[in-house]
Amino acid sequence: MPLTDAQIGECNERYLREFDRYSKMAETVYEKCLEIVQKKLTVRATVQRRAKNPKSFVDKLKKSKTRERFNSIDEVFNGISDLAGVRIATYLESDRNIVVEEIRKEFSGRAADGPEIEIKDAMGSGKHYMATHCQVFLLDDELVGPNENLRGTTCEIQVCSLLAHVFNEVEHDLQYKPLNGELSDQEKEFIDQLGLLTKAGDITIKRLLHEAESRLQGRIGAFADVYDFIARMRIEMGLADGFAANAGQLFDELMHLGLNTPEAISQAVRQDDPQPLPAIAQAEYAQLKAFMVADERQADLLEDGSSDVLLVGVLRSRLQQVLEYHPMGRGIGRPSRLAQIATWYRRMQDAPLREN
């Protein structure tokens with residue numbers, strides 16, 4: 001039978017008691033999503049988070065469709081997916097799938113095969129909603145210490161383009177939350193026009209970013225930001241397609257090491273070697289990859305064709321500094337991916353000594 005007013009009241013009281021937990025879940029997932037777009041993929045995007053407003057929660061329960069959907073309080077909390085929510089809005093529509101694939105790797109789901117992913121693109125004439133919804137849980141090794149109470153708590157991550165987000169919000173507020181009756185034909189026409197402009201705007205943004213990168217490739221001197229770093233070093237390294245992967249974390253590391261120009265990076269990698277920068281870095285990368293594959297542990301930690309190639313090249317002369325900047329051990333927490341690669345590089349260097 002549908003939810004009663006008394007049950008809705010109990011749902012409200014329970015949600016108010018548990019609101020802090022959903023807020024913490026949203027914040028934790030938000031931090032991970034920032035890491036994905038800024039450090040791992042290095043794509044232009046905005047990330048937002050929120051726990052569902054208690055009033056909005058109650059208003060949703062009072063709607064007839066929601067009342068009929070649930071029969072108990074437990075069903076409500078097991079069935080409403082967005083009590084904790086995060087939105088990733090990429091500048092480019094083409095980056096949406098890349099982000100979703102990384103979410104698959106970084107979160108778990110109810111099933112063993114990972115998060116539940118649902119593409120909610122509207123199909124048909126006059127329909128323009130475009131977004132992918134990901135229902136996620138934290139990984140087991142993250143459910144320790146302060147996060148222990150997040151076990152079993154889910155978060156909905158919505159991934160869409162920045163322009164699609166604008167359209168989705170306008171359409172949702174006007175079409176699905178009509179305050180003063182049904183929309184007029186003219187309002188529906190304007191919504192349709194906005195949807196078409198959204199798709200045209202995505203093409204414009206793509207061209208704009210391409211032109212911006214072309215301009216950055218002609219710069220000299222210190223890097224202005226991570227996108228300047230990617231624009232110049234991807235050409236320098238001959239890794240035009242995949243260099244942006246993991247470049248955010250590498251850029252931060254290079255700035256800490258004082259390697260803020262292409263010339264400084266080249267000198268750190270080449271030292272006195274007359275070979276060109278890409279050849280030295282690729283050879284060093286291939287040696288480390290072979291060592292890790294032979295050891296049969298963490299062989300997939302490195303990503304071929306990514307900025308990892310440059311990272312391994314830099315470790316030739318800056319390994320000790322990197323390890324000192326990323327101390328590892330009991331009580332320090334999970335080491336970063338970059339620190340793990342540096343540790344493997346040290347093991348490779350020490351391997352001949354152990355064999356002797």
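Here the structure is a predicted model, which means the values were calculated and not measured.
Judged by the 6.0 Å distance and 45° axis criteria, R347 is not positioned over the aromatic ring of F291. Both the sub-6.0 Å distance and the 45° axial angle are not jointly satisfied by R110 relative to the ring of F137.
Ring pair H256/Y325 is parallel by interplanar angle, where below 30° counts as parallel and above 60° as perpendicular. Ring-plane geometry between Y15 and F57 is classed as tilted, the angle between the planes lying from 30 to 60 degrees on a 0 to 90 degree scale.
Under a 3.5 Å cut-off, the side chain of D121 and the backbone N or O of A131 do form a donor-acceptor pair.
Of the N and O atoms on the side chains of R44 and T90, not one donor lies less than 3.5 Å from an acceptor on the other residue. A donor-acceptor contact under 3.5 angstrom links the side chains of T132 and R96, judged on distance only.
From L277, atom CG reaches atom CG of L310 across 6.5 Å, with rounding to the nearest 0.5 Å. K289 NZ to D300 CG: the interatomic distance, rounded to the nearest 0.5 Å, is 8.5 Å. Residue M292 holds its CE atom at 10.0 Å from CE of M348, rounded to the nearest 0.5 Å. In this structure, CD1 on I191 lies 11.5 Å from CD on Q186, to the nearest 0.5 angstrom. Atom CE of M130 and atom SG of C160 lie 10.0 Å apart (nearest 0.5 Å).
Atom CG of L208 has more than 12 neighbouring heavy atoms from other residues, nucleotides or ligands inside a 6.0 Å radius. The environment of Q267 atom CD is sparse: at most 12 non-hydrogen atoms of other residues, nucleotides or ligands sit within 6.0 angstrom.
Applying the salt bridge (Lys or Arg N to Asp or Glu O under 4.0 Å) test to every pair with at least one member in residues 198-216, sequence neighbours left out, gives these pairs: E213-R234.
A salt bridge between K105 and E101 is absent, with no side-chain N of the basic residue lying under 4.0 Å from a carboxylate O of the acidic one. Salt bridge D59/K55: present, at least one basic N to carboxylate O contact under 4.0 Å. Classification of E35 and K32 as a salt-bridged pair fails, no side-chain N sitting under 4.0 Å from a carboxylate O. Between K24 and E27, none of the side-chain N atoms (NZ, or NE/NH1/NH2) sits under 4.0 Å from a carboxylate O, so this pair counts as no salt bridge. Salt-bridge check for E303 with K40: passed, with a basic side-chain N closer than 4.0 Å to an acidic carboxylate O.
There is no path of hydrophobic side-chain contacts, each under 4.5 Å, that joins L197 to L163.
Shown here for T198 and F167, the closest heavy-atom pair between the two residues is OG1-CB, 3.7 Å.
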